[in-house]
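One structure is given below, encoded as C-alpha cells.
Here the structure is a predicted model, which means the values were calculated and not measured. The basis for the numbers below is simple: all heavy atoms, side chains too, and nothing from hydrogens, waters or symmetry mates. A note on names: the letters A, B, ... follow the listed sequences, proteins ahead of strands, and every chain is numbered from 1.
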There are 2 protein chains.
Amino acid sequence: MANPLTQDVLVDPVVLTRTLIDIESVSRDEKLIADCVEDVLRQIPYLSTQRHGNTVMARTALGRDQRVVLAGHLDTVPLNENFPSTVVDDLIYGCGASDMKSGVALALHLAATLPDPGYDITYLFYESEEIESHLNGLHLVSQAYPEWLLADFAVLLEPTYGVVEAGCQGTMRVRVRTRGRRAHTARAWRGVNAIHAAGEILQRLTDYRPRTVTIDGCTFREGLNAVAIHGGVAGNVVPDECTVEVNLRFAPDRTEKQALAHVHEVFHGFELEVTDSAPGALPGLSAAAARDFLTAVGEEPSAKLGWTDVSRFAALGIPALNYGPGDPLLAHAQDEHVEIGKIRDGAATLHRWLAAY
Amino acid sequence: MANPLTQDVLVDPVVLTRTLIDIESVSRDEKLIADCVEDVLRQIPYLSTQRHGNTVMARTALGRDQRVVLAGHLDTVPLNENFPSTVVDDLIYGCGASDMKSGVALALHLAATLPDPGYDITYLFYESEEIESHLNGLHLVSQAYPEWLLADFAVLLEPTYGVVEAGCQGTMRVRVRTRGRRAHTARAWRGVNAIHAAGEILQRLTDYRPRTVTIDGCTFREGLNAVAIHGGVAGNVVPDECTVEVNLRFAPDRTEKQALAHVHEVFHGFELEVTDSAPGALPGLSAAAARDFLTAVGEEPSAKLGWTDVSRFAALGIPALNYGPGDPLLAHAQDEHVEIGKIRDGAATLHRWLAAY
C-alpha cells in the first residue's frame, strides 16, 4: 500500500486528521499506522527518528536551551460503526476523531512543517494507550529508552477542546468476584448461584455517589463503573463463579494505595483482584515552560478528568499538560467527532508558541 | 487405542460404569465413546446396530408382541476436576458417574448379556443431551430415522436413585438484555452503564420464589436461574450492552407458551430472546408396559425434576419413565458419584423385568 501520509496531506492538519482516522488502529493493531508515521518522519531531514515496537520517536537536535515533548497515542478504542471517517459541515466524524487522531495530526503536522523551532522538540507517537498500562507505548519506552522522554516540559495532545487541562485523574481496574456452588439447574436449591450473588455488587455500583474534588482551582470528578462482567458454566448448571471488572477514576489527591483502600471499602465482603493501576497527577502549573505555554494559549486551565500519560511525565519530574483539539466528552462515544475549526486553532496556537520562543 | 469395553468389562455393570466414566465425553466430544459403544454392539450377533452422528442404536428383532426402549445419553457436562474416576469404599466418583454413565452402563450391560428377552428391545446411546436441544441426539434421530424410536414403552436411564420418576419438567433458556450508551469511563455520567442496569435482573432472580406443583401424586419443583452473564466493551468504556441468560425449569402443567409468558412477566420491561425451549411431560403411568415395569420395581413413582427425553417420547405418544442408579442430587456437581449397590440393584431389577415377561 502506498503511504497515505503524503506531503500534500501533512501540510494541512485537517486533511491529515481525516487521513489518520482512516488508518484503522484499534489497540494492539497499530503496526500499519506506526509504519506510515515512521516512514514520513524518516524522510524529514532535520529529525532523528527511532522506533520501539509500534512507538515512533523523532526529535530535533538544534542545541536549544530547552526541550519540549509533543506526544500522542496512535491507538483507538474498538470501532463502533464509526469507521471510516465522514464529514458533516465543519465536523469530522470517526473512531478516534477526538481521542486522539486530531491531536496526533497536530504533532505530525508540526514535525513536518517546523524546521527551526524555538525549543528542541521531541515528537512521540505511541501505541496502546487505551488498554492495560503495562502495554502502553510510553511505559515501554520509559523502560527501554528512558532518554527519549527527557525534556523540560511536555504537552500531551489528548482531547481538551482547545483549553489547557492540568493534572489528571488516576485509574484503577479491579476484578470483584463472587463464588457459589455448582448444581444442576433442575435442582438449583442444591447449589449457590454466583451470578445472582453479583447482584449485590451491581447494586453497590448503582448506589455509588462519586466525589468531586477541587485542587489548585481545577475540579476533578471521580467515577466508579463496571466495565465487564462474566459468569457461567453451561446452560443447565448453576454457576459457581462470577467476575465483575470495575474501573475507578480517582482525583489526584488520592494515592493509588488510598484508591485501593476505597475500593476495598466499597466492595467490603467480596474477593478483589487489582488488574491495572496508574496514579493521577496533581496540576503542575509552576514550571517556566508551562507558564510560557499557558501564555501562548491565553486561557485559564481546568482539570483533566481522564487518565493521561501526563502522569508518567509527572512521575519523571517533567511538568506536563493536556492540550488538544478534540472534545473529551466525545471520546469513546459512537458519534465521536472533532470540529475542523478547533484543529486549525490548535495548529495556529502551537505554531505561535513554538516559533516565538 | 484398544477398545476398553471388553467382554470382561461388559459382564459387570460396576466395572463397566467406571470404564465409561474414564472415556471423556463432554458434549460435542462424544466421537470416541460412540466409536467404542458402536464397536462392541456390532459384535453382538442378536443385535442389529446402526449409527447416526454420535448416536448408536441397536435392537433385537425376535418377533415379540411388544417393544421397549432403553435409552441413555453418552455426554456429560464439562469436567470439573472430577476426571478420571476414583473409588472410595462403595462409591464411584467422576464426571458423569450419576448423570448418566451408570445408567448407560446398565443398558450396555443388558445389551451384551440378554440374548432372549421377553420384549423386543431397542437400545439407544445418544449424543448431546446436556446442551441446546437442537443438537440432542434423540432429536436428530427423530428427524432422520423416526422409526428407531418406535416402541410401546421407553425407559430412560437418567439418575433417579433407583426409584421411578415420572414425567419431567420443561426447560427454557432466555437471554435478558439491557442496553445503555457508551462513554469514556473518565466521564461516565455521559453514558448509561448497561452492566449496572443488569443489577435489577439479578435482584429479580434473587427475589424469585419458585412454585411447587403436585400432579398425579408427583411433586414438581420449579426454578429460575441465571446460567450466564456477559457484558463489556473495553477497560475504559462504559458498556452499552449486558446479557443475562436464564434457565427456567417448569412443571408440566405449564405449556412452553405459558412458561414464556411467565418469563415475560418476571422480566417485565426488559428485552428477551428465547434461545432454547423444551416442553415438560405429564406423568404417563397408565400404559400396560409402564404398569408392568412399576410392578417389577415395586415402589411408588415420584416426579422427575430435570428435563429428560421422556418429553420427546411423550410427544410421539410413547409412554416413558426415568429409572436409573445415579443420584439426581449429584448430577453436574463436582463431587458427582454413584453407589455401587444401586448399580447392582438396577441391573437385577431390569433383568427381572425383561426376562420375566
Side-chain angles (χ1 to χ4, degrees), chain A residues 27 77-78 80 99 130-132 169 171 173 181-191 193 195-203 205-206 210 221 223-240 242 244-245 247 249 275-276 305-307 328-329 331-334, chain B residues 27 77-78 80 99 130-132 169 171 173 181-191 193 195-203 205-206 210 221 223-240 242 244-245 247 249 275-276 305-307 328-329 331-334:
Chain A
S27 306
V77 292
N80 187 13
D99 184 12
E130 297 289 4
I131 54 174
E132 305 93 290
Q169 296 201 121
T171 178
R173 269 177 277 276
R181 193 171 61 242
R182 291 190 199 183
H184 195 299
T185 49
R187 293 173 181 274
W189 64 92
R190 300 277 300 177
N193 193 313
I195 294 177
H196 296 193
E200 171 66 19
I201 297 168
L202 302 187
Q203 188 61 50
L205 285 165
T206 301
R221 188 165 168 181
L224 181 63
N225 268 269
V227 292
I229 188 165
H230 294 290
V233 175
N236 55 1
V237 179
V238 173
D240 59 353
C242 183
V244 185
E245 189 164 32
N247 181 208
R249 300 290 176 145
T275 56
D276 190 40
L305 299 184
W307 188 89
L329 300 180
H332 304 192
Q334 186 174 26
Chain B
S27 306
V77 293
N80 188 13
D99 184 11
E130 297 289 5
I131 54 175
E132 303 93 289
Q169 295 200 123
T171 178
R173 269 177 277 276
R181 193 172 59 242
R182 291 190 198 183
H184 195 299
T185 50
R187 294 175 181 273
W189 65 92
R190 300 278 301 178
N193 194 313
I195 294 177
H196 296 192
E200 171 67 18
I201 297 168
L202 303 187
Q203 188 60 50
L205 285 165
T206 300
R221 189 167 167 181
L224 181 62
N225 268 268
V227 292
I229 188 166
H230 294 290
V233 175
N236 55 2
V237 179
V238 173
D240 59 352
C242 183
V244 184
E245 189 163 32
N247 182 208
R249 299 291 177 144
T275 57
D276 191 41
L305 298 184
W307 188 90
L329 299 180
H332 304 193
Q334 186 174 29

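Looking only at heavy-atom pairs under 4.5 Å with chain B, the residue among A:Glu245, A:Arg221, A:Arg181, A:Gln169 that has the most is A:Arg221. Per-residue counts of heavy-atom pairs under 4.5 Å with chain A were compared for B:Ala188, B:Ala333, B:Pro328; the largest is that of B:Pro328. Most heavy-atom pairs under 4.5 Å with chain B: of the set A:Thr185, A:Asn236, A:Asn247, A:Asn193, this distinction falls to A:Asn236. For chain B, the option among A:Gly223, A:Gly191, A:Ala331 with the highest count of heavy-atom pairs below 4.5 Å is A:Ala331. Comparing A:Val233, A:Val238, A:Leu329 by heavy-atom pairs within less than 4.5 Å of chain B, the highest count is held by A:Leu329. Across A:Gly199, A:Ala234, A:Ala228, the residue that shares the most heavy-atom pairs under 4.5 angstrom with chain B is A:Ala228. With chain A as the partner, the residue from B:Gly306, B:Gly235, B:Pro239 showing the most heavy-atom pairs under 4.5 Å is B:Gly235.
If you measure heavy-atom distances from A:Asp276 to chain B, you find no contacts under 4.5 Å at all. Using a 4.5 Å cut-off between heavy atoms, A:Val77 contacts chain B through its side chain alone, with no backbone atom that close. If you measure heavy-atom distances from A:Pro210 to chain B, you find no contacts under 4.5 Å at all. For B:Ala183, the part sitting under 4.5 Å from any heavy atom of chain A is the backbone (N, CA, C, O) and nothing else. A:Gln334 does not touch chain B: none of its heavy atoms, backbone or side chain, sits under 4.5 Å away. If you measure heavy-atom distances from A:Ala197 to chain B, you find no contacts under 4.5 Å at all. Using a 4.5 Å cut-off between heavy atoms, B:Leu224 touches chain A through its backbone atoms (N, CA, C, O) alone.
Residues that satisfy the side chain to side chain donor-acceptor pair (under 3.5 Å) test with B:Glu132, not counting sequence neighbours, are absent from this structure. When the side chain to side chain donor-acceptor pair (under 3.5 Å) test is applied to A:Thr206, no partner is found at least two apart in sequence or on another chain.
Taken from CH2 in B:Trp189 to CG in A:Asn225, the straight-line distance is 10.5 Å, to the nearest 0.5 Å. To the nearest 0.5 Å, the span separating CG on B:Asp240 from CG on A:Asn80 amounts to 6.5 Å.
Side-chain contact between B:Arg249 and A:His184: present, with at least one pair of heavy atoms (C-beta onward) separated by less than 4.5 Å.
Across every non-hydrogen atom of A:Arg182 and B:His332, the tightest pair is CB-O, 4.1 Å. Closest non-hydrogen pair, B:Cys242 versus A:Ile229, comes out as SG-CG2, 3.8 Å.
Checked by atom type and distance alone, the side chain of B:His196 pairs as donor or acceptor with a backbone atom of A:Ala226 at under 3.5 Å.
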